[in-house]
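First the structure, in the form of structure tokens, and then the observations on it.
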Amino acid sequence: MSHLNGKTVIVTGGGRAVLKDGSCGSIGYGIATAFAKEGANLVLTGRNLQKLLDAKEELERLYGVKVLPVQADVSAGADNEKVVQGVVEQAVEAFGDIHVLINNAQASASGVPIAEHTMEQFDLSMYSGLYATFLYMKACYPYLKKTQGSVINFASGAGLFGNFGQGAYAAAKEGIRGLSRVAATEWGKDGINVNVVCPLAWTAQLENWADAYPEAFRANVHMPPMGHFGDSEKEIGRACVALTSPDFKYMSGETLTLEGGLGLRP
């Protein structure tokens with residue numbers, strides 16, 4: 001039996017999305033699928049309620065788990081602490097506890113040079129990514145301390161390598177990396193495992209970015225040596241499942257880069 005059977009996993013940005021060919025086109029949904037296959041119950045958040053309902057229907061039908069979809073958006077001008085606390089309270093009311101928090105949600109205006117960025121575009125990245133990650137970690141902390149659970153946050157090669165046209169996105173992602181390392185230091189005594197994943201998977205968002213900003217895409221997104229981009233479920237999702245295992249507790253605080261066929265690389 002999986003160590004995740006019957007456990008509760010929150011995945012932000014977990015709505016169902018598909019690529020042009022009809023296959024899975026969302027890292028969040030790929031993660032949700034990987035955890036559902038392990039028997040975990042899921043709390044999926046996102047801005048698009050229909051995508052969340054589609055995810056719920058498919059995951060419950062295929063894997064026999066319970067899925068709680070919660071429409072939620074951390075954004076400028078909103079009462080964001082109330083929004084996040086509401087998600088956490090619904091999760092605990094539905095499932096009793098929280099064992100894994102995965103901060104995957106992120107919106108951004110990619111392809112915009114720094115000198116042309118507006119405050120609205122910068123806020124979009126910061127609120128949906130960095131602030132949301134902070135607020136969910138803070139709200140989930142008491143429950144993760146109780147269950148000695150895991151936090152998996154998402155950063156990006158955009159921050160590691162300084163991708164053109166991704167200033168706000170990179171800033172948010174590097175903030176998340178710093179926040180995660182501090183959490184790993186502070187929460188280690190509580191038995192909470194904290195890791196950062198920098199994925200390179202072929203998603204609907206990346207597909208759309210390639211269509212909208214072909215020059216920026218060619219300049220910044222390079223084919224991994226194995227000749228394919230990561231699979232949202234089989235490579236990104238399964239790696240996240242592995243990071244929640246007791247066997248990975250010693251790796252708390254690591255940043256892991258996941259690319260097609262390359263597995264885990266600290």
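Heavy-atom neighbours of Leu49 CG from other residues, nucleotides or ligands within 6.0 Å: above the threshold of 12. Shown here is Gln50, whose CD atom has more than 12 heavy atoms of other residues, nucleotides or ligands within 6.0 Å. Crowding of Lys51 atom NZ: a count of heavy atoms from other residues, nucleotides or ligands under 6.0 Å not exceeding 12.
Remark: His117 pairs with no residue by the side-chain hydrogen bond (donor to acceptor under 3.5 Å, both in side chains) rule, at least two apart or across chains. With sequence neighbours excluded, no residue forms a side-chain contact (heavy atoms from CB on, under 4.5 Å) with Lys189. For Tyr143, the ring-ring contact (aromatic ring centres under 6.0 Å, His included) test picks out no residue, with sequence neighbours left out. Partners of Ala78 by side-chain contact (heavy atoms from CB on, under 4.5 Å), not counting sequence neighbours, listed by chain and number: Ser75, Asn80. Annotation: ring-ring contact (aromatic ring centres under 6.0 Å, His included) contacts of Tyr141 (sequence neighbours excluded): Trp187. With sequence neighbours excluded, the residues forming a side-chain contact (heavy atoms from CB on, under 4.5 Å) with Phe134 are Lys138, Leu179, listed by chain and number.
If you check the side chains of His3 and Ser245, you find no donor sitting under 3.5 Å from an acceptor. Looking at Thr133 and Asn153, their side chains never bring a donor and an acceptor atom within 3.5 Å of each other.
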Item to check | Verdict with supporting geometry, Ser232 and Thr203, side-chain contact (heavy atoms from CB on, under 4.5 Å) | outcome: CA-CA 7 Å; Ser232 293; Thr203 66; 4.0 Å; yes
Next on the checklist: Show, in sequence, the C-alpha distance, side-chain angles and deciding distance for Asp73 and Val83, and conclude whether the side-chain contact (heavy atoms from CB on, under 4.5 Å) test is met.
Outcome noted: CA-CA 7 Å; Asp73 182 24; Val83 169; 6.0 Å; no
Checklist entry - Between Tyr136 and Val87, does a side-chain contact (heavy atoms from CB on, under 4.5 Å) hold up when you go through it step by step? => result CA-CA 9 Å; Tyr136 274 102; Val87 173; 3.5 Å; yes
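The aromatic rings of Phe229 and Phe217 lie tilted to each other, with the angle between the two planes from 30° to 60°.
Residue pairs satisfying the salt bridge (Lys or Arg N to Asp or Glu O under 4.0 Å) criterion with at least one member in residues 156-168, sequence neighbours excluded, are absent. For residues 23-47, the set of pairs meeting the salt bridge (Lys or Arg N to Asp or Glu O under 4.0 Å) definition, not counting sequence neighbours, comprises Lys37-Glu233, Glu38-Arg238. Here salt bridge (Lys or Arg N to Asp or Glu O under 4.0 Å) pairs that include residues 119-134, with residues two or more places apart or in two chains, number zero. Listed by first and then second residue, the salt bridge (Lys or Arg N to Asp or Glu O under 4.0 Å) pairs involving residues 87-109 are Asp97-Lys146 (not counting sequence neighbours).
Here the side chains of Ser150 and Leu243 are not in contact, with every heavy-atom distance at 4.5 Å or above. Using a 4.5 Å cut-off on side-chain heavy atoms (C-beta onward), Gln106 and Ile27 make no contact. Contact of the Thr244 side chain with the Ile152 side chain is registered, since non-hydrogen atoms from C-beta on lie closer than 4.5 Å.
A single hydrophobic cluster is not seen to contain both Val112 and Trp209; linkage of ILVMFWY side chains at heavy-atom distances under 4.5 Å, directly or through other members, places them apart. Follow the hydrophobic side-chain contacts under 4.5 Å out from Ile102 and you reach Val241 in the same cluster.
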Can you give me every donor-acceptor pair (side chain of residues 59-68, partner residue at least two apart or in another chain, under 3.5 Å) with its distance?
unit_1: Glu60; atom_1: OE1; unit_2: Lys56; atom_2: NZ; d: 3.3
unit_1: Glu60; atom_1: OE2; unit_2: Lys56; atom_2: NZ; d: 2.8
unit_1: Glu60; atom_1: OE2; unit_2: Val67; atom_2: N; d: 2.9
unit_1: Arg61; atom_1: NE; unit_2: Glu57; atom_2: OE2; d: 2.7
unit_1: Arg61; atom_1: NH2; unit_2: Glu57; atom_2: OE1; d: 3.3

Side-chain atoms of residues 157-173: list all donor-acceptor pairs with protein atoms under 3.5 Å, sequence neighbours left out, distances to 0.1 Å.
unit_1: Asn163; atom_1: ND2; unit_2: Gln166; atom_2: OE1; d: 3.1
unit_1: Gln166; atom_1: NE2; unit_2: Ser110; atom_2: OG; d: 3.4
unit_1: Lys173; atom_1: NZ; unit_2: Phe154; atom_2: O; d: 3.0

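The backbone N or O of Thr118 sits less than 3.5 Å from a side-chain atom of Gln121, completing a donor-acceptor pair. Here the side chain of Ser108 pairs no donor or acceptor atom with the backbone of Ser125 at under 3.5 angstrom.
Contact record, Gly46 with Leu52: N-CD1, 3.7 Å, taken as the closest heavy-atom pair. When all heavy atoms are compared, the tightest approach of Leu19 to Ala204 is CD2-N, 3.3 Å.
Remark: Arg16 engages Glu58 in a salt bridge, criterion side-chain N to carboxylate O under 4.0 Å.
The residue from Val70, Val9, Val11 that alone fulfils the side chain to side chain contact (heavy atoms under 4.5 Å, CB included) condition with Val43 is Val70.
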